[in-house]
Amino acid sequence: MKLMRIGEKGQELPVVIDQNGGLRDLSGVVPDFAGQGVSLAALDAIRALDLTTLPLLPEGARIGACLASVPNFYCIGLNYTGHAAETGAKIPAEPIMFTKASSALSGPNDDVIIPPGSEKSDWEVELGVVIGAPCWQVPQAQALAHVAGYCVVNDLSEREWQMERGGQWIKGKSAPGFGPCGPMLVTADEIPDPQALALSLDLNGTRVQDSHTSDMIFGVDEIVSYLSRFMELLPGDIISTGTPSGVGLGMKPPRYLRAGDTMTLRIDGLGEQHQKAVAA
């Protein structure tokens, strides 16, 4: 299934895309896509519906984040060899984990507001993994069975705040709007191999990131299993799995977002994001 949230910010309706591409309103059937609302059981209940009985919504409305909220917004750093090289970092021996504030969540096509005082805001196309079942001490071979689905994430980052201000990376990752997710949450049954997806990002119409999830250092199954050794993952948690090379930090000289810049992000089977950077 392909699930979306449609409507103005704070008033989004949960929808499922029918076989003809129509947007079927689920608001009278499910509360929203968050927490238990994206559990494996909740998704099975949606699959059992006769979609033709649900109201058909007109197209053209704003697309909201594919999740209404997240219990936790986990991220994996330096998970593509090329990205580690362009930042001058060593290839990690274990997944590098950090978090974004859940308040960073935003719609896939919403403007990206460059935070006040920011000079080094940067882009990162990433595969997002949404957890669908409690996940604690899960073997790698069983990890994908706990995944509800996948989405596109832009792990926007303020590099000075991330790397030059002391403390943890969360400082540079968490400004409002720094976590666009969507446009769709595509359930795991439609993505049989998350390591077989092309992903890219265009800046002002020029391709700057162009890679494939097969190039991940740690695959989705290993990431989910690894994190579950240290914490219980919950339904509705999202894991952003790292970005390939081509970020602004890695350019020579570095090139960061300025007002008026546009970004287009794509992942096979998961749709596109379109964002414009604007001044605070």
Kindly list each side-chain donor-acceptor pair under 3.5 angstrom involving residues 56-63, sequence neighbours excluded, with atom names and distances?
{"residue": "Arg62", "atom": "NE", "partner": "Asp110", "partner atom": "OD1", "Å": "3.1"}
{"residue": "Arg62", "atom": "NH1", "partner": "Gly7", "partner atom": "O", "Å": "2.9"}
{"residue": "Arg62", "atom": "NH1", "partner": "Glu12", "partner atom": "OE2", "Å": "2.9"}
{"residue": "Arg62", "atom": "NH2", "partner": "Asp110", "partner atom": "OD2", "Å": "2.8"}

Intermediate values then yes/no, side chain to side chain contact (heavy atoms under 4.5 Å, CB included), Leu127 and Ile267: CA-CA 7 Å; Leu127 173 66; Ile267 300 182; 4.2 Å; yes
Scan side-chain atoms only and decide if [X] and [Y] contain a donor-acceptor pair under the 3.5 Å cut-off.
| X | Y | value |
| --- | --- | --- |
| Gln275 | Asn154 | yes |
| Ser118 | Ser121 | yes |
| Ser240 | Glu126 | yes |

Do [X] and [Y] land in one hydrophobic cluster if side-chain heavy atoms of ILVMFWY residues count as linked below 4.5 Å?
| X | Y | result |
| --- | --- | --- |
| Leu40 | Ile191 | no |
| Ile76 | Ile217 | yes |
| Val278 | Trp123 | no |
| Val224 | Met216 | yes |
| Ile17 | Leu13 | yes |

Return the [atom1] to [atom2] distance between [X] and [Y], rounded to the nearest 0.5 Å.
| X | Y | atom1 | atom2 | answer |
| --- | --- | --- | --- | --- |
| Leu234 | Glu232 | CG | CD | 5.5 Å |
| Glu158 | Arg165 | CD | CZ | 9.0 Å |
| Asn79 | Thr243 | CG | OG1 | 10.0 Å |
| Leu233 | Ser228 | CG | OG | 6.0 Å |
| Asp210 | Arg266 | CG | CZ | 9.5 Å |
| Ile113 | Leu156 | CD1 | CG | 11.5 Å |

[X] side chain to [Y] main-chain N or O, any donor-acceptor pair under 3.5 Å?
| X | Y | answer |
| --- | --- | --- |
| Ser214 | Ala196 | no |
| Asn109 | His274 | yes |
| Ser102 | Asn72 | no |
| Gln162 | Ser157 | no |
| Lys276 | Asp261 | no |
| Asp50 | Thr52 | yes |
| Ser245 | His83 | no |

For Asp32, side chain to side chain donor-acceptor pair (under 3.5 Å) partners two or more places apart: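 Residues passing side chain to side chain donor-acceptor pair (under 3.5 Å) with Asp32: Arg5.
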With Lys2 via side chain to side chain donor-acceptor pair (under 3.5 Å) - residues at least two apart: Glu190
Residues forming a side-chain contact (heavy atoms from CB on, under 4.5 Å) with Glu119, sequence neighbours excluded: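 Residues passing side-chain contact (heavy atoms from CB on, under 4.5 Å) with Glu119: Arg258.
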Worked verdict on Cys66 versus Met4 for side chain to side chain contact (heavy atoms under 4.5 Å, CB included): CA-CA 5 Å; Cys66 60; Met4 299 177 72; over 6 Å; no
Step-by-step side chain to side chain contact (heavy atoms under 4.5 Å, CB included) determination, Ser211 to Tyr80: CA-CA 9 Å; Ser211 190; Tyr80 287 74; 3.9 Å; yes
Which pair of heavy atoms, one from [X] and one from [Y], lies closest together, and at what distance?
| X | Y | value |
| --- | --- | --- |
| Ala34 | Ala68 | CB-CB, 4.1 Å |
| Pro115 | Ala175 | CG-CB, 3.6 Å |
| Pro183 | Leu270 | CD-O, 3.7 Å |
| Arg255 | Leu257 | NH1-CA, 4.1 Å |
| Val125 | Gln209 | N-OE1, 3.2 Å |
| Pro71 | Pro235 | CG-O, 3.7 Å |

So do the side chains of [X] and [Y] get within less than 4.5 Å of each other, counting heavy atoms only?
| X | Y | result |
| --- | --- | --- |
| Asp122 | Lys120 | no |
| Val208 | Met251 | yes |
| Leu227 | Ile239 | yes |
| Leu249 | Thr87 | yes |
| Ile223 | Val129 | no |

List, one per line, each side-chain donor-acceptor pair under 3.5 Å for residues 133-152, sequence neighbours excluded.
{"residue": "Gln137", "atom": "NE2", "partner": "Arg229", "partner atom": "O", "Å": "2.9"}
{"residue": "Gln140", "atom": "NE2", "partner": "Asp221", "partner atom": "OD2", "Å": "3.4"}
{"residue": "His146", "atom": "ND1", "partner": "Gln142", "partner atom": "O", "Å": "3.0"}

Salt bridge (charged side-chain N to carboxylate O under 4.0 Å, His left out) partners of [X], counting only residues at least two apart:
| X | result |
| --- | --- |
| Glu124 | Arg159, Lys173 |
| Asp25 | none |
| Glu160 | none |

Derivation and outcome, side-chain hydrogen bond (donor to acceptor under 3.5 Å, both in side chains), residues Thr187 and Asp189: CA-CA 6 Å; Thr187 53; Asp189 56 308; 2.6 Å; yes
Contacts of type ring pair (Phe, Tyr, Trp, His ring centres under 6.0 Å), residue Tyr256, not counting sequence neighbours: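 Expected list: none.
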Those residues that, when tested against Phe98, pass ring pair (Phe, Tyr, Trp, His ring centres under 6.0 Å) (two or more places apart): Trp169
Pair Met231-Tyr74, side chain to side chain contact (heavy atoms under 4.5 Å, CB included): steps then yes or no: CA-CA 11 Å; Met231 65 209 71; Tyr74 299 118; 3.5 Å; yes
Other ILVMFWY residues reachable from Val30 by side-chain steps of under 4.5 Å: Met1, Leu3, Val16, Leu26, Val29, Phe33, Val38, Leu43, Ile46, Leu49, Leu51, Leu54, Leu67, Val70, Phe73, Leu105, Val130, Val153, Leu185, Ile238
Listed once per pair and sorted, the ring-ring contact (aromatic ring centres under 6.0 Å, His included) pairs that draw on residues 44-65, sequence neighbours left out: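 Non-adjacent pairs meeting ring-ring contact (aromatic ring centres under 6.0 Å, His included): zero.
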